[in-house]
Structure formats: C-alpha cells, structure tokens
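A short worksheet on the structure shown next.
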Number of protein chains: 2
Amino acid sequence: MPQRTKKAGAAKIRSVAFRRIRADHSSELAEDYVELIADLIDEKGEARGSDVAMRLGVANATVVKTLKRLQDAGLVSQEPYRSIFLTGEGWKMAEDGRRKHKIVEAFLLALGVSEETARIDSEGIEHHVSDETLRAMARFLARKVM
Amino acid sequence: MPQRTKKAGAAKIRSVAFRRIRADHSSELAEDYVELIADLIDEKGEARGSDVAMRLGVANATVVKTLKRLQDAGLVSQEPYRSIFLTGEGWKMAEDGRRKHKIVEAFLLALGVSEETARIDSEGIEHHVSDETLRAMARFLARKVM
DNA sequence: CGGAAAGTTTAGCATTGGCTAAACCTATTG
DNA sequence: CAATAGGTTTAGCCAATGCTAAACTTTCCG
C-alpha cells in the first residue's frame, strides 16, 4: 500500500515542523531575555531585574525565577541583589538575536507595513525564521535598496 | 525629567509586544489542533486522536488532555473512543488559520526559499503575523503574479 | 461469540512560566 | 548610625504542556 506509506511519511515530515516550533519556544524566552539584557546594558550601563520585568511586562518574581534557569544554562551571571551580566555565550546569543531582529524588522518595513506593526510582528516572527528565510529577506532588502 | 518619562513610555510600548507574543502562544496550540483536525477530516473523512498525535509528534495522552481543554473552549466535540469533530467556532478558527497559512507559505515561496523551508517556517510564523502584515504579503504576491 | 490485538483514556509525574504576598537586603537620610 | 523607603528575593500557589505506564474499550478474527 504505497498510499499508506506516503501518508505516514508526510505525517512524519509534518511533525518535524511542530517539533521545531516547540523547541523554538523554549529557546525563545531565553533569547528575549538576553537580547533585552544586552540592550539595557548598552543603554543604561547595567541591567537590573526590575527593568527586565518592566520591559517584558512580567512580575519581578518571574524574572528572578527565569534568570536562575538562564544562569544554569550558562547565559547570564548575577549575584543576589546585584545587576545582571551576560556570559560570553549570552552575548553571542544576544548578538545573534539582534541581527535577526534587525533584518526581520527592516524587511517588514520594506514590505510596507507601519513602524508599529513592524516592531510588534518582528518580535514574534524573529524566533521562527530559519537562516534560509533570513537570507531571502536580506536579499530582498539589498535588491530594494538598489 | 522628560528623559525618564520617555524611557518608561517606550518600555511600556515594548512590553505590549511581549504580552501579545505570550497571548499568541496560548492560542497557537489551539489553532494548530483545529487546523490539523480540519485537514484530517477533509483528507480522510475523520480525525482520530492518534492521527493528531502522530502529525504533531506528540504522545497520545497529550492529545487527549489538550482536546479536553479545546472542548471546554467550545472548539471541538468528541465522545470517548470516538473521532473528533469541530464546532462551528472550531471550523471558523481552522479556516482562518488555513487562510493565513496559505498566504504565508506562498509568500515565502515567492520570496525564493525552498519548499521545505517554506513549509516549516510558515508553520511557525503564521501565528505571529498581524492582519496588516498579512495584507502586505498578499499585496506582494499579487504584484509578483502580474 | 469469545478472546487477543489495537486503539484510547486515566493516573501520576515533571517542567516551564506566570502570579501575589511576605520576608529580606541596601541605601539614603535625618 | 539607626530607621525607613525602596528594590529584590523567597515561598507557595496555579495552569499549560509534555511524558510513561497501566487500565480500559473496541474491533476483528477464528
């Protein structure tokens, strides 16, 4: 029954996409945190938990708990009651996120959406674009500029 | 201190994006489920829990649990040991999802990414594009075709 | 039609990511 | 330098989403 086999194969392939989305979700939060922390350090010289909480629109206690996980994951370091630092790996992830973010946001603008929408949508989309799509977006931008 | 006010304002606006992403995530799973169930019904005449589990790449028990929530939310209906049906609202959500999905996938293809990537990325992106961005994508497609 | 195979559900557990309220430090200032 | 105001952490709760193993139905076949 080639029919059956084909269907099972397609299902398996499809499930890959969903698996990736679930994986993306767990790293998504980490990326948002490190990106935000990097921004805060660049902007104000230091990142405090309460700033992170405010910008993410989340309670202080939530940030504390999440930072603990990120610390275990080797992305940030922090002493109690002190401000937050990024590890080398944390910086790497932050830079990567910013790069993606910039491309996606610029791309949306080039596509003709409002600044407001570009900002909001890019925040959500950024974590779900593969490198290939990112390259396609960059190509589009390059063409557009010429 | 206009400086301070401005920053607080920007932070608030930024947090809106993150809040929306968190909200999107809760509806995301529901959308994936109903879309998949709709596809299964169209393809094979009925949707069984185990098909859903296989295509999502998730354990059977997880599907059972999630379907219970979706039932409470009024999106699907199901008798124990029987196949799954969509309510009117469920169909509405499924159609909406499919529409978005099609546009995003076609858009990515038009942008020049591979079919494989278009399929995978569109699955992730679909839940994070606003109507405005979707319209921009549709516009791009229309222009491209001419 | 009775029993085994296949398919579903329940039970019970873990992790993530939220929250509030209470406890706890730090820092400022009288 | 002590008291208090303000920022930070802990404690303890909840819901969602995942899992495995065990129990339970349905279905199918001899």
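So you know, we letter chains A, B, ... as the sequences are listed, proteins then strands, and number each from 1.
- Side-chain nitrogen and oxygen atoms of B/K65 include none within less than 4.0 Å of the OP1 or OP2 phosphate oxygen of C/dA11.
- Not one side-chain nitrogen or oxygen of B/R22 sits closer than 4.0 Å to the OP1 or OP2 atom of C/dG17.
- Under the 3.5 Å distance criterion, with hydrogens and angles disregarded, a donor-acceptor pair is assigned to the side chains of A/S114 and B/E132.
- The separation between A/N60 atom CG and C/dC19 atom P is 10 Å, rounded to whole Å.
- The distance between atom CG of B/L67 and atom P of D/dA16, rounded to the nearest whole Å, is 14 Å.
- Annotation: side chain to side chain contact (heavy atoms under 4.5 Å, CB included) contacts of B/E105 (sequence neighbours excluded): B/H101, B/A118, B/R119, B/S122.
- Regarding contacts with the backbone of C/dG17, a side-chain N or O of A/R69 is found under 4.0 angstrom from either OP1 or OP2.
- Under 3.5 Å, the side chains of A/S50 and A/N60 contain no donor-acceptor pair of N or O atoms.
- Checking the phosphate oxygens (OP1, OP2) of C/dC19, a side-chain nitrogen or oxygen of A/T62 falls inside 4.0 Å.
- Checking the phosphate oxygens (OP1, OP2) of D/dT8, a side-chain nitrogen or oxygen of A/R48 falls inside 4.0 Å.
- To the nearest angstrom, P of D/dT27 lies 10 Å from CD of B/E46.
- At least one side-chain nitrogen or oxygen of A/Q78 sits closer than 4.0 Å to the OP1 or OP2 atom of D/dT9.
- Rounded to whole Å, the distance from CD on A/E28 to P on C/dG17 is 10 Å.
- A donor-acceptor contact closer than 3.5 angstrom links the side chains of A/H25 and B/E28.
- Rounded to whole Å, atom C1' of C/dT16 lies 12 Å from atom CG of A/L70.
- B/T66 has no side-chain polar atom (N or O) that falls below the 4.0 Å cut-off from OP1 or OP2 of D/dA16.
- The OH-C1' distance, from A/Y33 to C/dG17, rounds to 8 Å in whole Å.
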